[in-house]
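A short worksheet on the structure shown next.
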Amino acid sequence: MAAVRSEGTFVVVGGGIAGVTCAEQLAVNFPAEDILLVTASPVIKAVTNFKQVSKVLEEFDVEEQPSTVLENRFPNIKVIESGVKQLKSEEHCIFTEDGHQHVYKKLCLCAGAKPKLICEGNPYVLGIRDTDSAQEFQRQLTKAKRIMIVGNGGIALELVYEIEGCEVIWAIKDKAIGNTFFDAGAAEFLTSKLMSEKSEAKIAHRRTIYTIEGAKDENRSKAKADNVGSALGPDWHGGLNLKGPEEFSHSIHIETRCEVKNIYLQEEFKITKKKPLTFPKHQDKPVTVDKETWPVYVELSNGKIYGCDFIVSATGVTPNVHPFLHGNNFDLGEDGGLKVDEQMRTSLPDIYAAGDICTACWQPSPVWQQMRLWTQARQMGWYAAKCMAAATSGHSIDMDFSFELFAHVTKFFNYKVVLLGKYNAQGLGSDHELMLRCTRGQEYVKVVMQNGRMMGAVLIGETDLEETFENLILNQMDLSSYGENLLDPNIDIEDYFD
Ligand SMILES: Cc1cc2nc3c(=O)[nH]c(=O)nc-3n(C[C@H](O)[C@H](O)[C@H](O)COP(=O)(O)OP(=O)(O)OC[C@H]3O[C@@H](n4cnc5c(N)ncnc54)[C@H](O)[C@@H]3O)c2cc1C
Ligand SMILES: NC(=O)c1ccc[n+]([C@@H]2O[C@H](COP(=O)([O-])OP(=O)(O)OC[C@H]3O[C@@H](n4cnc5c(N)ncnc54)[C@H](O)[C@@H]3O)[C@@H](O)[C@H]2O)c1
């Protein structure tokens, strides 16, 4: 097909939350200009029911929509459904897989991230990122008697709680579960819930509507196998039936402080003559040699070997920078993301980046850190558009308030979880103290204090403390005189600080 050169003005790459939010904001700022949104996925992500819970905490639903919905809402946005295969930054031009090229005045790269798998290319190792990969996982789960989950972050936490009717061996590097979100105390609080619910029926509790309004399956299948779709988000498993073939609820065994050493296919494993173990059903019952034959075997660094139907690698993400690197000398962060400054600019002229693809390289507020999350993708996409608009008129703008304080609200094991600031004392060294309040099965409250100031908090359950603690972290008030009263459930601390 002959190359068509269109004269784009602002071009945004990526139909996830970062890209869509950026394009929407550009469309508002420049109603008379065309905004081009180029995306490899056949549907785009839309933020709906946005709710500012407090100054910084926000909650919203996420919908997958056909791109026409966006174009109808913003007539100056034109969506091009094609992957970018090359960027020529010196010529201010991108090339798409459909054979076209688009010239940009300013470009914002929002191409997300890809799962970082423990064993790339192994058909028994699945990653979960977009709707297609989640559905593939669900399909395989319906036939699986035992799976192994590797990783200890958000996806693993959600999966171990949701999966039923299938034995799950959960292999983690750390000594406690959920290391990206919790310390050992919070992990213990959650583990007891997980284990106590083993045989109980779970109460369905859904927070997010996850719909594919109007998007047909044939649209979906148009996405090429190697093209990543947008990342899933809050309550992504809500619409999936995560049930194995057996009639039991949870059956989880956790292997701590270990990594995957080897993965063997069935035939390879036979030759090794190594001995796999049965599923450890009870703590006090010794495991024996497993006589069953499994499609794949995993040898852990603690010497144990388990057979299973497949492995889920929930081991984090790698920014999806690859399509943009050839011939362009971007500065990359240690995590492989495009480095962006406080105006969301990459190291190359007129190229901005937002969301999972970027690595924030500005001097952050003492209580903010980047995490590849839905909320940050939205905030960065919005702020990048503001920066692009300001730069167009020769200005720069102040950093948005949302980057003052890290704030994340989510749900794990059916508990509301709020994380604020340096919730795990990240980067605070040993010079800090923790205050705790815990009622088993109900709530877990932890605050991180430094020099009498609150630096972070973990709130699990319906604590109703988020707004007060958010204010205390933001205003850095000296709280030394309140001592332990700060967490005394009999004292209404809001009264203190009103
Ligand atoms: C299973 C799962 C559960 C999650 N749960 C939560 C949660 O509960 N809370 C939370 O805050 N976060 C959650 N996250 C993280 C959150 O989804 C991401 O941080 C966020 O969606 C990133 O948005 P993004 O727009 O940067 O990237 P993405 O959503 O990945 O979007 C990238 C877009 O770029 C497009 N693209 C890629 N390559 C190209 C190319 N070459 N050319 C053109 N387009 C391209 C893709 O098709 C896609 O549209 C979860 C992630 C996963 C995988
Ligand atoms: N509710 C939520 O907020 C939520 C839920 C799901 C996913 N997410 C986000 O989606 C993205 C993907 O989730 P994720 O769970 O894959 O990533 P993650 O970054 O949350 O966790 C990755 C985990 O894998 C572990 N790990 C890394 N390499 C490993 C290896 N070689 N062997 C064993 N363990 C290894 C890490 O220690 C960490 O525990 C993340 O950005 C995450 O924040 C958020």
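In this text the structure is predicted, and so the values were computed from the model without any measurement.
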Charged N to carboxylate O under 4.0 angstrom, Arg378 versus Glu58? yes

Between Lys145 and Glu292, is there a salt bridge with N-O shorter than 4.0 Å?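 Salt bridge present between Glu292 and Lys145.
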
Is any side-chain heavy atom of [X] closer than 4.5 Å to a side-chain heavy atom of [Y]?
X      : Y      : value
Thr359 : Val340 : no
Ile311 : Val260 : no
Met455 : His432 : no
Gln370 : Cys358 : yes
Asp335 : Arg372 : yes
Val20  : Gln65  : no
Met454 : Asn471 : no
Asp309 : Lys143 : no

Begin with the C-alpha distance, continue with both residues' side-chain angles, and end with the deciding distance and a verdict on side chain to side chain donor-acceptor pair (under 3.5 Å) for Asp400 and Gln379. CA-CA 8 Å; Asp400 186 65; Gln379 291 157 353; over 6 Å; no

If the condition is side-chain hydrogen bond (donor to acceptor under 3.5 Å, both in side chains), which residues does Tyr444 pass it with, not counting sequence neighbours? Asp183

Pair Glu466, Lys416 - check salt bridge (Lys or Arg N to Asp or Glu O under 4.0 Å), show working. CA-CA 11 Å; Glu466 51 269 34; Lys416 177 176 176 182; 2.7 Å; yes

Among Ile149, Val168, Thr191, Ile169, which residue satisfies the side-chain contact (heavy atoms from CB on, under 4.5 Å) criterion with Ile252?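 By the side-chain contact (heavy atoms from CB on, under 4.5 Å) criterion, Ile252 pairs with just one of Ile149, Val168, Thr191, Ile169: Val168.
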
When the ring centroid of [X] is compared with that of [Y], is the distance short of 6.0 Å?
X      : Y      : value
Phe269 : Trp294 : no
Phe406 : Tyr423 : yes
Phe189 : Tyr415 : yes

Any idea how Phe137 and Phe310 line up, ring-wise: parallel (<30°), tilted (30 to 60°), or perpendicular (>60°)?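 Phe137 and Phe310: perpendicular rings.
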
Consider only side-chain N and O atoms of Ser133 and Asp130, and report whether a donor and an acceptor are under 3.5 Å apart.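 Yes, a side-chain donor-acceptor pair sits under 3.5 Å.
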
Nearest 0.5 Å, what's the CG-CE distance between Leu428 and Met449? 11.5 Å

Hey, mind stepping through Glu64 and Lys45 against salt bridge (Lys or Arg N to Asp or Glu O under 4.0 Å) and telling me if it holds? CA-CA 5 Å; Glu64 280 192 344; Lys45 286 273 151 78; 3.6 Å; yes

With a sphere of 6.0 Å drawn around CD of Gln52, does it hold more than 12 non-hydrogen atoms of other residues, nucleotides or ligands? yes

Check this for me: Arg440, atom CZ, are more than 12 non-hydrogen atoms of other residues, nucleotides or ligands nearer than 6.0 Å?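 Open: at most 12 neighbouring heavy atoms sit under 6.0 Å from CZ of Arg440.
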
Going by the rule ring-ring contact (aromatic ring centres under 6.0 Å, His included), which residues pair with Phe74 if we only count those two or more places apart in sequence or in a different chain? none

Phe469: what forms a ring-ring contact (aromatic ring centres under 6.0 Å, His included) with it, not counting sequence neighbours? none

